[in-house]
Novice: 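Encoded as structure tokens, here's the structure I'll be asking about.
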Amino acid sequence: MQEPEYTETKSKETTIPDINTQAGSITKLQPPVQSQEQWLKYGQQVSGFLGTLPDYVGNFFNQYKQPIISIGLVITAIVTVKVLLAVLDSLNGIPLVAPTFELIGIGYSAWFVYRYLLKASTRQELTSEITTLKSQVVGKDSSES
């Protein structure tokens with residue numbers, strides 16, 4: 001028995017057969033679907049939108065000024081409280097600071113009780129101070145209601 005002979009032939013162009021086409025044919029690239037004019041049209045639309053964006057934002061802010069400010073204040077208050085708690089937590093980690101704060105708090109509470117709560121005359125003074133403070137905050141005399 002003789003072995004079959006194989007001969008290799010080399011061509012100048014190597015083609016990769018495409019699955020969807022016939023074997024040995026060259027797949028040509030399709031021209032771009034969108035022409036240069038279409039891209040310019042998209043660019044003009046985007047630049048037009050970006051040109052009117054400050055007007056849209058300004059109108060939105062003018063229309064919803066009060067809710068935006070309220071939300072901003074709430075977020076600012078939350079962030080401030082979290083930062084304050086983080087600072088206090090870090091201070092409590094320092095030795096002797098936490099017990100010192102506790103002693104200051106106990107001392108102030110004892111002074112407050114001695115100054116305002118033991119005698120009837122000082123309790124009336126505290127009540128009048130609270131009433132004055134409420135009228136300053138609210139803007140009217142709260143004893144009328």
Side-chain angles (χ1 to χ4, degrees), residues 6-145:
Y6 294 104
T7 57
E8 289 186 30
T9 57
K10 292 185 179 179
S11 63
K12 291 182 181 178
E13 291 184 11
T14 306
T15 60
I16 300 173
D18 191 8
I19 295 173
N20 297 330
T21 61
Q22 295 179 356
S25 66
I26 298 176
T27 304
K28 294 182 181 179
L29 293 175
Q30 299 293 327
V33 177
Q34 296 177 339
S35 64
Q36 187 71 18
E37 292 83 24
Q38 289 176 329
W39 282 108
L40 288 174
K41 179 182 167 187
Y42 292 143
Q44 289 173 351
Q45 288 176 347
V46 168
S47 67
F49 173 73
L50 291 177
T52 58
L53 186 63
D55 294 333
Y56 290 139
V57 171
N59 290 338
F60 179 81
F61 183 75
N62 287 335
Q63 186 175 2
Y64 297 107
K65 185 182 290 186
Q66 188 64 34
I68 290 173
I69 291 173
S70 298
I71 290 171
L73 288 174
V74 167
I75 291 172
T76 303
I78 290 171
V79 169
T80 303
V81 167
K82 287 195 177 253
V83 167
L84 181 65
L85 289 175
V87 167
L88 288 176
D89 189 40
S90 66
L91 284 176
N92 281 334
I94 300 173
L96 297 178
V97 172
T100 305
F101 283 161
E102 289 178 10
L103 286 176
I104 291 171
I106 291 170
Y108 183 77
S109 298
W111 174 83
F112 185 84
V113 167
Y114 175 75
R115 170 69 175 91
Y116 288 111
L117 301 179
L118 288 181
K119 298 178 187 173
S121 62
T122 57
R123 285 193 298 266
Q124 289 175 351
E125 180 185 343
L126 178 64
T127 305
S128 67
E129 287 182 20
I130 291 174
T131 306
T132 305
L133 182 64
K134 279 190 341 187
S135 67
Q136 290 175 352
V137 171
V138 175
K140 64 176 186 172
D141 190 17
S142 60
S143 63
E144 294 176 1
S145 54

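Since the structure is predicted, the reported quantities are computational estimates derived from the model, not experimental observations.
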Novice: Heavy-atom distance under 4.5 Å between the side chains of Trp111 and Tyr116, does that happen here?
Specialist: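 Touching, per the 4.5 Å side-chain cut-off.
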Novice: Using 0.5 Å steps for rounding, measure from the CG atom of Leu84 to the OG1 atom of Thr80.
Specialist: 8.5 Å
Novice: Nearest 0.5 Å please: distance from the CG atom of Leu96 over to the CG atom of Leu103.
Specialist: 10.5 Å
Novice: Return the minimal non-hydrogen interatomic distance between Gly72 and Thr76, and the atom names on each side.
Specialist: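 Smallest interatomic distance, heavy atoms only, reads O-OG1, 2.7 Å.
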Novice: Considering only heavy atoms from C-beta outward, does the side chain of Glu129 approach that of Leu133 to under 4.5 Å?
Specialist: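 Counting from C-beta outward, Glu129 and Leu133 never come under 4.5 Å.
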Novice: Within this structure, what is the CD-CD1 distance for the pair Gln66 and Ile71, rounded to the nearest 0.5 Å?
Specialist: 10.5 Å
Novice: Can you find a pair of side-chain heavy atoms, one from Gln63 and one from Phe60, that are under 4.5 Å apart?
Specialist: no
Novice: Okay, side chain of Asp89, backbone of Leu85: is any donor-acceptor separation there less than 3.5 Å?
Specialist: no
Novice: CD1/Ile130 to OG/Ser135 distance, rounded to the nearest 0.5 angstrom?
Specialist: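 Here the rounded value is 12.0 Å.
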Novice: If I compare all heavy atoms of Gly51 with all of Pro54, which pair ends up nearest, and what's the gap?
Specialist: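 That closest heavy-atom pairing would be O-CD, 3.6 Å.
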Novice: Could you pull out all residues at least two apart from Arg115 that satisfy salt bridge (charged side-chain N to carboxylate O under 4.0 Å, His left out)?
Specialist: Glu125
Novice: Quick one: pull up CZ in Phe101 and CD1 in Ile94 and give me the separation to the nearest 0.5 Å.
Specialist: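 It comes to 8.5 Å.
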Novice: Which distance, rounded to the nearest 0.5 Å, do you find between the OH of Tyr56 and the OG1 of Thr52?
Specialist: 4.0 Å
Novice: Answer whether the closest heavy-atom distance between the side chains of Thr122 and Leu126 falls below 4.5 Å.
Specialist: no
